[in-house]
Amino acid sequence: MRKKIVAGNWKMNLDYTSGIGLFSEIVNMVNDEVMGEQHVIVCPPYVHLGAICQLAKTHNKVSVGAQNCHQAQSGAYTGEVSAPMLQSVGVNYVILGHSERRQYFAENNALLAEKVNSALQHQLSPIFCIGETLDQRNDNSYFDVIKRQLAEGLFHLTESQFANVVLAYEPVWAIGTGLTATPEQAQEIHEFIRNEVRSKYGEGTASDLSILYGGSCNPKNAAELFAKPDIDGGLIGGASLKSRDFVDIIKSFSL
Ligand code: PGA
């Protein structure tokens, strides 16, 4: 069944003590205030993951994700973290293909396909990010860009593997800029993505897929975005660092 999901991407923010503090605030507020079936995922930096997974064990609505993983299981890759390591501390999700990874760390669709495989082999659900740059939006190539990101990054998966994927549409021009896609612009792409998945895997897989919107999502614009039929929640950057804003976004679904 399709899930309503709000995922927080903390990026490279918050030291250990502040991270544990924010996570504790979020779980307490979710327990007190969130009554629906929404699923919450928090993606802190690697060094916080072990402790946060321990705290999350007792909370059934909040899961923990990593922000990246290496494609290999182990080996001489100084500074990297693998999917089995994440699995061993209790992580359930991993963000892959974020535009910041694509832009600053030269991650391309072929590499991302390998990372997706490694994540799935270790029971991590990828939160796979796709989206166009401002130039690609302006020159109208954005449907092709998104089609290619899906085809090259994910469509090698079998139907049962694909069932574990969460997608996030994040227009690069909206990330951290305060510019949000309008609900209509976002819905247009989400519908396109679901249609692509339908053509590849069929109706059941397409209708079960959760597609999150990301890019300057905040407590003011979340409700209108989440009300669209193909928008199943959000991947939240800046606003996930403030417990009040993040929990208000989680409460923005019309239930
Ligand atoms: P933002 O980031 O909400 O700060 O725009 C979203 C993201 O990068 O996932």
Side-chain angles (χ1 to χ4, degrees), residues 4-14 18-19 22-23 26 38-46 48-49 62-69 91-107 112 115-116 119 124-134 136-137 142 145-146 149 153-154 165-183 185-186 189-190 193 210-226 228 231-253:
K4 294 181 188 305
I5 298 173
V6 174
N9 174 11
W10 290 3
K11 308 192 181 181
M12 195 174 73
N13 292 298
L14 303 180
S18 317
L22 176 59
F23 186 78
I26 290 169
Q38 301 96 311
H39 195 64
V40 181
I41 305 168
V42 175
C43 305
Y46 285 136
H48 305 30
L49 283 172
V62 184
S63 301
V64 183
Q67 297 173 20
N68 181 33
C69 69
V91 170
N92 293 121
Y93 292 87
V94 58
I95 298 172
L96 292 174
H98 192 282
S99 64
E100 288 151 16
R101 300 292 317 173
R102 293 176 188 263
Q103 187 182 347
Y104 305 133
F105 301 93
E107 296 194 0
L112 292 169
K115 292 191 176 205
V116 165
L124 301 174
S125 292
I127 302 173
F128 194 81
C129 304
I130 56 180
E132 79 284 1
T133 63
L134 188 58
Q136 290 162 340
R137 173 142 292 253
Y142 53 103
V145 169
I146 287 163
Q149 289 170 333
L154 289 177
V165 173
V166 174
L167 272 169
Y169 168 58
E170 298 208 309
V172 181
W173 47 273
I175 296 177
T177 57
L179 283 177
T180 318
T182 65
Q185 281 174 323
I189 303 290
H190 283 231
I193 292 168
S210 297
I211 310 176
L212 315 183
Y213 167 78
S216 299
C217 189
N218 61 45
K220 290 205 173 75
N221 58 31
E224 233 190 314
L225 286 158
F226 297 177
K228 292 290 179 194
I231 302 182
D232 307 307
L235 178 55
I236 319 299
S240 74
L241 297 170
K242 295 183 197 122
S243 53
R244 181 70 273 153
D245 284 1
F246 187 55
V247 174
D248 282 347
I249 293 172
I250 298 165
K251 290 158 71 184
S252 296
F253 292 100

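We count ligands from 1, going down the list as the structure has it; atoms in each ligand are counted the same way. Numbering starts at 1 and runs along the sequence shown.
Protein heavy atom at the shortest distance from atom 9 (O) of ligand 1 is E170 OE2, 2.7 Å. With hydrogens left out, the protein atom closest to atom 3 (O) of ligand 1 is G237 N, 2.9 Å, a heavy atom.
When the shell of 6.0 Å around NZ of K242 is examined, it contains 12 or fewer heavy atoms from other residues, nucleotides or ligands.
For ligand 1, the atoms lying closer than 4.0 Å to a non-hydrogen atom of G238 are 1 (P), 3 (O), 4 (O). Under a 4.0 Å criterion applied to the non-hydrogen atoms of N9, ligand 1 contributes the atoms 9 (O). The distance from ligand 1 to the heavy atoms of H98 drops below 4.0 Å at these ligand atoms: 7 (C), 8 (O), 9 (O). Near A174, meaning under 4.0 Å from any of its heavy atoms, are these atoms of ligand 1: 5 (O).
Checked against a 3.5 angstrom limit, the closest N/O atoms of T177 and ligand 1 fall outside it. By the 3.5 Å distance cut-off applied to N or O atoms, G215 is not counted among the residues near ligand 1. Checked against a 3.5 angstrom limit, the closest N/O atoms of G176 and ligand 1 fall inside it.
Residue contacts with ligand 1 leave out A239, since none of its heavy atoms falls under 4.0 Å from the ligand. Heavy-atom distances between A168 and ligand 1 stay at or above 4.0 Å for every pair.
When atom types are taken as modelled, the side chain of T177 and the backbone of W173 share a donor-acceptor pair closer than 3.5 angstrom. Using a distance-only test at 3.5 Å, with no hydrogens or angles considered, a donor-acceptor pair links the side chain of T180 to the main chain of S216.
Side chain to side chain, Y169 and E132 meet the donor-acceptor criterion of an N or O pair below 3.5 Å. For the residue pair H98 and E170, a side-chain donor N or O sits within less than 3.5 Å of a side-chain acceptor on the partner.
A side chain to side chain contact (heavy atoms under 4.5 Å, CB included) with L154 is found for one member of L112, L96, V116 and no other, namely V116.
With contacts defined as side-chain heavy-atom distances shorter than 4.5 Å, the pair V94/I127 does not qualify.
Shortest non-hydrogen contact noted between F246 and V42 is CE2-CG2, 4.2 Å.
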